[in-house]
Amino acid sequence: GNLAEMLFMLLLEHGVLVMRPSIVRHMDSVIDMLICSSVVSSLSFLGVIAVDHYITIFYALRYHSIMTLQRAVVTMASVWLASTVSSTVLITYYRSNTILLCLIGFFLFMLVLMLVLYIHMFALARHHLHSISSQQKPPTAHRGGSLKGA
């Protein structure tokens, strides 16, 4: 995204491309929207992956009935659509403090969501590790190595 914008600007500065200033502003807005959309969608997909891992661990036996192909496609399309719409709004109203707060809020929400889900998954892994090690007679020295796997 930034590379395309930089190349576009270099071509304009050196006279290779000749465009009216209004078209340049629109092209700049489109490129900014694409960059913003890619950031929002990447962050969203990281959250979706965390939720998928959570479902895989806590609902392993029902995973394939919960996460069907149709749900996966709808989720991916929804993330792309929401990212495109939100980035369009963000670029259009980028000077508004409300938009900035929404963007920061979204970032913090995704960060907290991923943190909570992965901590919960790690806690379950530790619980299973302790359950397995308490059933073994005598305790083995592999406990530290198993914790790394968790």
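Note: hydrogens, waters and symmetry copies are ignored here, and every other heavy atom, side chains too, is used. No experiment lies behind these values; they were computed from the predicted model shown.
With Ser44 contributing its side chain and Val40 its backbone, the two residues share a donor-acceptor pair below 3.5 Å. A donor-acceptor pair under 3.5 Å links the side-chain atoms of Ser83 to the main chain of Ser41, judged by distance alone. When atom types are taken as modelled, the side chain of Ser133 and the backbone of His130 share a donor-acceptor pair closer than 3.5 angstrom.
Taking CG of Leu46 as the reference point, atom CG of Leu113 lies at 11.0 Å (rounded to 0.5 Å). The distance from atom CD1 of Ile91 to atom CE of Met33, rounded to the nearest 0.5 Å, is 8.5 Å. With rounding to the nearest 0.5 angstrom, the OG atom of Ser86 is 9.5 Å from the CD1 atom of Ile99. Note that the CD1 atom of Ile49 and the CE atom of Met114 stand 9.5 Å from one another [nearest 0.5 Å]. With rounding to the nearest 0.5 angstrom, the OH atom of Tyr93 is 11.0 Å from the OG1 atom of Thr88.
Evaluation of the side-chain contact (heavy atoms from CB on, under 4.5 Å) rule for Thr98 yields Ser96, Cys102 as partners, not counting sequence neighbours. Partners of Val30 under the side-chain contact (heavy atoms from CB on, under 4.5 Å) rule, at least two apart in sequence or in another chain, are Leu34. Looking at residues two or more places apart in sequence or on another chain, you find a side-chain contact (heavy atoms from CB on, under 4.5 Å) between Leu124 and Ile57, Phe58, His128. With sequence neighbours left out, the side-chain contact (heavy atoms from CB on, under 4.5 Å) criterion links Ile104 to Leu100, Leu108. Scanning for side chain to side chain donor-acceptor pair (under 3.5 Å) contacts around His120 gives Tyr54, with sequence neighbours left out.
Residues Val79 and Ile55 are members of separate hydrophobic clusters, defined by side-chain heavy-atom contacts under 4.5 angstrom among Ile, Leu, Val, Met, Phe, Trp and Tyr. In the hydrophobic cluster analysis, where Ile, Leu, Val, Met, Phe, Trp and Tyr join through side-chain heavy atoms closer than 4.5 angstrom, Val51 is grouped apart from Leu81. No continuous path of hydrophobic side-chain contacts links Phe107 to Val39 [ILVMFWY only; heavy atoms under 4.5 Å].
Screening residues 63-90 for ring-ring contact (aromatic ring centres under 6.0 Å, His included) gives Phe45-Trp80 as the qualifying pairs, with residues at least two apart or on separate chains.
In Tyr118, the OH atom is crowded: over 12 heavy atoms of neighbouring residues, nucleotides or ligands sit closer than 6.0 Å.
Screening Ile119, Leu117, Val112 for a side-chain contact (heavy atoms from CB on, under 4.5 Å) involving Leu115 leaves a single residue, Ile119.
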